[in-house]
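Take a look at the structure below.
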Amino acid sequence: MVDVDTRTLEAAGATLRYDIRGAANGGAAGQAPLFMIGSPMDATGFATLASYFTDRVVVTYDPRGVGRSARTDGATETVPEEHADDLRRMIEALGAGRPVDVFASSGGAVNALALVERHGNLVRTLVAHEPPTAHVLPDREAALAVCADIHATYLREGMGPAMAKFLAVASRKGPFPANWADEPAPSPSDFGLPTEDDGSRDDPLLGQNMRGCTSHRPDFAALRAASTRIVVAAGEESEGEFPARAAAEVATGLGTELTLFPSHHGGFLGGEFGQQGAPADFAKTLREVLDSTR
């Protein structure tokens, strides 16, 4: 049984809560602490993946406005630069005395790229898995408009219609056409989603992070200049999907090859949120990537 040490950290506009596994034994000699981060997914999404790294100090957290990390500024949207500053604060508070390794998934990968752009000295290796940044896509204008429409739909109609659009976008293969707005909107009932608007507008995905995450423009000059080793990854089953297409373009922008991981966008999940990936195979690949030399 791995002990979990939960800590609290005050940040600008939020109170962050993060969990440290393996702190008692300090991890294996020579091993950097390993951060596992998502957005808007909270720490619970990494329970299975962390169980494969009991030889290391593993840090997970709830991003601002999600789960246990309450916002204190009243803001309704968040940008990757804010998340990056939160990550900087946590890494510095950990006090490891050396750069950390980071596995970052989805929006967490966008936030981790923003972190390395500004504080590359804090990160030894970043594995950025399927960062959904629309700005790098050839069809960027349509992709950005699609994401803005999901956010606008949420504000106008609530969670059901907006989440239906999000799920349709997430599973779509290939570029977004210029006339995407002419396509019929998916029905919430087709996805088992509520059709009635409950009036809430605080969803971390649809409300807080949708526009900021997808509209982030990576600073490739800063990323290439950083001391951080950056490995951009995508799932073997994700080919053609928005986040995987973005990952391929980010790798190209860095002048590196895209690294394929087992399974899909949530390939590390072992039943969390009702989703099943291939966590054992995923963890094996992640370990190989982290242990490989530059």
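Residue numbers run from 1 in the order of the sequence given.
Between the side chain of Gln275 and the backbone N or O of Leu269 there is no donor-acceptor pair closer than 3.5 Å. With Asp101 contributing its side chain and Ala32 its backbone, the two residues share no donor-acceptor pair below 3.5 Å. Side chain of Arg211 to main chain of Leu144: no donor-acceptor pair is present (N/O by atom type, distance under 3.5 Å, no hydrogens or angles). Looking at Asp139, its side chain never comes within 3.5 Å of a backbone N or O of Ala142 through a donor-acceptor pair. Judged by distance alone, the side chain of Arg224 and the main-chain N or O of Gly253 form a donor-acceptor pair under 3.5 Å. The main-chain N or O of Arg17 is found under 3.5 Å from a side-chain atom of Ser69 such that the two form a donor-acceptor pair. For the pair Thr285 (side chain) and Phe261 (backbone), a donor-acceptor distance under 3.5 Å is absent. Not one N or O on the side chain of Thr214 forms a donor-acceptor pair closer than 3.5 Å with the backbone of Ala134. Of the possible donor and acceptor atoms, none in the side chain of Glu77 sits under 3.5 Å from a partner among the backbone N and O of Gly212.
Taking 4.0 Å as the cut-off between side-chain N and carboxylate O, Arg245 and Glu249 do not count as a salt-bridged pair. For the pair Arg172 and Glu241, the salt-bridge criterion is not met [side-chain N within less than 4.0 Å of a carboxylate O]. Ion pairing of Asp55 with Arg287 is present here, as a side-chain N (NZ or NE/NH1/NH2) and a carboxylate O approach within less than 4.0 Å.
One distance of note links CZ of Arg64 with CG of Asp86; it measures 4.0 Å at 0.5 Å rounding. In this structure, CZ on Phe166 lies 7.5 Å from CG on Leu206, to the nearest 0.5 angstrom. Of the inter-residue distances, the one linking Asn111 atom CG with Ile37 atom CD1 reads 6.5 Å to the nearest 0.5 angstrom. Within the model, atoms CD of Glu157 and OG1 of Thr195 stand 11.5 Å from one another, a figure rounded to the nearest 0.5 Å.
Within 6.0 Å of CD in Glu239 there are 12 or fewer heavy atoms belonging to other residues, nucleotides or ligands. By the neighbour-count criterion of 12 heavy atoms within 6.0 Å, atom CD of Glu257 is sparsely surrounded, having that number or fewer from other residues, nucleotides or ligands. Annotation for Glu288: atom CD counts as buried by contact number, over 12 foreign heavy atoms lying within 6.0 Å.
Annotation: side chain to side chain donor-acceptor pair (under 3.5 Å) contacts involving residues 141-152, sequence neighbours excluded, comprise Asp149-Lys165.
Results of the side-chain hydrogen bond (donor to acceptor under 3.5 Å, both in side chains) test with Arg71 over Thr78, Thr76, Thr15 single out Thr78 as the only residue that passes. Partner of Leu122 under the side chain to side chain contact (heavy atoms under 4.5 Å, CB included) criterion, chosen from Val100, Leu87, Ile91: Ile91.
Among residues two or more places apart in sequence or in another chain, the side chain to side chain donor-acceptor pair (under 3.5 Å) test is passed with Ser106 by His265. In this structure, the ring-ring contact (aromatic ring centres under 6.0 Å, His included) partners of Phe46, at least two apart in sequence or on a different chain, are Phe268.
Neither side chain, Thr44 nor Glu272, offers a donor N or O lying under 3.5 Å from an acceptor on the other. Side-chain contact annotation: Arg229 with Ser292, donor-acceptor N/O pair under 3.5 Å present.
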Residue pair Arg21, Asp19: steps toward the salt bridge (Lys or Arg N to Asp or Glu O under 4.0 Å) verdict: CA-CA 7 Å; Arg21 293 171 171 83; Asp19 304 317; 5.2 Å; no
Worked check of salt bridge (Lys or Arg N to Asp or Glu O under 4.0 Å) between Lys284 and Asp281: CA-CA 5 Å; Lys284 180 176 181 290; Asp281 292 339; over 6 Å; no
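Ring pair Phe103/Phe53: centre-to-centre distance not below 6.0 Å.
At a threshold of 4.5 Å between side-chain heavy atoms, the hydrophobic network of Ile, Leu, Val, Met, Phe, Trp and Tyr places Val79 and Met210 in two separate groups.
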